[in-house]
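First comes the structure, then the notes that go with it.
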There are 2 protein chains.
Amino acid sequence: MGMTLDEILPDLRRQSVDVRHAETGLWAASMLREHISAGQLAPGAKLSEEPLCEVLGVSRNTLREAFATLAQEHIVTRIPNRGVFVTRPTADDIREIYRVRRFLEPAALTWSTDAKTDTLHAAIARARAARTAGSVPGMASANQDFHAGVVALTKSDRLGAQMTQVLAEMRLVFYSMVADPLFHAPYIDDNADILSTFESGERAEAATLMVDYLRRAETQLLAAHARG
Amino acid sequence: MGMTLDEILPDLRRQSVDVRHAETGLWAASMLREHISAGQLAPGAKLSEEPLCEVLGVSRNTLREAFATLAQEHIVTRIPNRGVFVTRPTADDIREIYRVRRFLEPAALTWSTDAKTDTLHAAIARARAARTAGSVPGMASANQDFHAGVVALTKSDRLGAQMTQVLAEMRLVFYSMVADPLFHAPYIDDNADILSTFESGERAEAATLMVDYLRRAETQLLAAHARG
DNA sequence: GTTCTAGCAATTGTTCAACAATCTGACTGA
DNA sequence: TCAGTCAGATTGTTGAACAATTGCTAGAAC
């Protein structure tokens, strides 16, 4: 973590100057969001204003607009007069994340009017492929796609956005601790079970399975988090 | 709508200068949020930067940070190079609001571990009192308290925040049209039914009643919105 | 009279430079 | 060893400046 921002973020600078006379703040926010989600900016890392302005090629005021956006998404934590840091999730954060998921995902399975499960099947297939290939990031990504897809069944932009946000925080949880590389592996079949139960029309049962799955995952993550 | 900001917002100026060397942007945001929620800034109203800076006693940069916050809450709508306006909810917005509520509220009734219903009873009592007193704002406010209280059963800050946000948008919906003064009156008894069913332990039935209630309310609001 | 266009004024988007407030860390003196 | 204090760095906020965009208006063309 002793690397400078220039070393970590080589290609962050805005290429063309005329990217449009509006939304530079949102552009900067999405840039940072991307790099944080990809793990290039680890939890706890300090985002100093001046170096970041330099790297991004925006002014301090614009950068602060970006910080305001990311802080509201809980991706970044602002400590007054101290600075902005990539959020390092606490045990309470993990509990809150799963609290949200235990309402959102079962609700989607229970009351969604949509039942197009193509993307869900695709996500599971991708997860299985990643498992046989031994790709941990692949499994993690496919797993997130599955659960994002479940909430997408609601057809609600806002619930989808909230889920996206929560899943981004999940990535921070994984980055902030040494998680078991095989964490996702056993859950792939759980997802498949949930999906087939849902497709058979037993929605209440699918929701129950989902709650159960989420409880187990939470417990396991909290244990790993406690270990360090 | 031809009034100037100074006429509408007489007491918005920051009183003491030393309110603390941090969070001025959040302070400005909450100031605007309050006045919008209270209806003193009607949907569609333009929030020009320069006059507002004058009235609030903050700089344009700080005000823009506040705008970024409010825009993310959908309280305010930003049109590039045109300005910031108090959101005027569309029919689609209403549908999205109720889509969110139809997942959040039944989910809270179904899977919340908490069952403390004091605040819910209190809200219903307040609604009834407002009804006999003929106070439309009183009924509206008590009704919102009830439904916010339902989601509060989840004990999740984020779901609570999302509900708060959605209810703020509901206020904008009412402000942006001539709603039937008796809109809330018949729903008070629905709320009471839902609560007693929930307390009897029939959670699934309570959730069903809630979904039904929300569908009826949505339909009625959409009709009113279509009329003008 | 209508439609199109050029150009001007007003407003937003963004940057820059400055200063105030606060934190950090190191140095001091018991 | 341990408080106190003092400079240096960083954040919070401001005001002014300039660039880009929009909307309006006054004519020009038909």
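Note: hydrogens, waters and symmetry copies are ignored here, and every other heavy atom, side chains too, is used. Lettering follows sequence order; numbering is per chain, from 1.
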Arg60(A) CZ to dT15(C) C1', in whole Å, measures 12 Å
Here the distance between atom C1' of dT14(C) and atom CD of Glu23(A), to the nearest Å, is 13 Å
Does the pair Glu50(B)/Arg60(B) count as a salt bridge with the N-to-O cut at 4.0 Å? no
Measuring centre to centre across the rings, with the benzene-like ring taken for any Trp, is His147(A) within less than 6.0 Å of Tyr187(A)? no
Using a strict heavy-atom distance below 4.0 Å, which residues from residues 61-68 of chain A are in contact with DNA chain C? Asn61(A), Thr62(A)
So do the side chains of Met163(B) and Arg101(B) get within less than 4.5 Å of each other, counting heavy atoms only? yes
Check whether the ring centres of His121(B) and Phe146(B) lie less than 6.0 Å apart, and answer yes or no. no
Tell me the interatomic distance from Glu54(A), atom CD, to dT10(D), atom P, rounded to whole angstroms. 14 Å
Can you list everything that forms a side-chain contact (heavy atoms from CB on, under 4.5 Å) with Gln165(B)? Sequence neighbours excluded, please. Glu73(B), His74(B)
Could you list the protein-to-nucleotides 22-24 of chain D atom pairs, N/O on both sides, closer than 3.5 Å?
{"unit_1": "dG23(D)", "atom_1": "OP1", "unit_2": "Arg82(B)", "atom_2": "NE", "d": "3.1"}
{"unit_1": "dG23(D)", "atom_1": "OP1", "unit_2": "Arg82(B)", "atom_2": "NH1", "d": "3.1"}

Using the test side chain to side chain donor-acceptor pair (under 3.5 Å), find all partners of Ser135(A) that sit at least two apart in sequence or belong to another chain. none
Glu23(A) vs Arg78(B), salt bridge (Lys or Arg N to Asp or Glu O under 4.0 Å): CA-CA, chis, key distance, verdict: CA-CA 10 Å; Glu23(A) 308 174 5; Arg78(B) 205 167 199 161; over 6 Å; no
Send over the distance from Trp27(A) CH2 to dG13(C) P, rounded to a whole Å. 18 Å
Is a donor-acceptor pair below 3.5 Å formed from side chain Arg78(A) to base dG12(D), judging by atom type as modelled? no
By salt bridge (charged side-chain N to carboxylate O under 4.0 Å, His left out), which residues pair with Arg95(A), not counting sequence neighbours? Asp92(A)
Ignoring backbone atoms, establish whether Thr24(B) has a side-chain N or O less than 4.0 Å from OP1 or OP2 of dT13(D). yes
Under the side chain to side chain donor-acceptor pair (under 3.5 Å) test, residues paired with Arg99(B) that sit two or more places apart: Glu96(B)
Calculate the interatomic distance between Leu47(B) atom CG and dG13(C) atom P; express it in whole Å. 12 Å
Between C1' of dT12(C) and CZ of Phe85(B), the distance in whole Å: 11 Å
Output the rounded distance in Å from CG (Leu26(B)) to C1' (dT13(D)). 13 Å
Counting side-chain heavy atoms from CB outward, which of dA18(C), dG13(C), dT15(C) is closest to Glu49(B)? dG13(C)
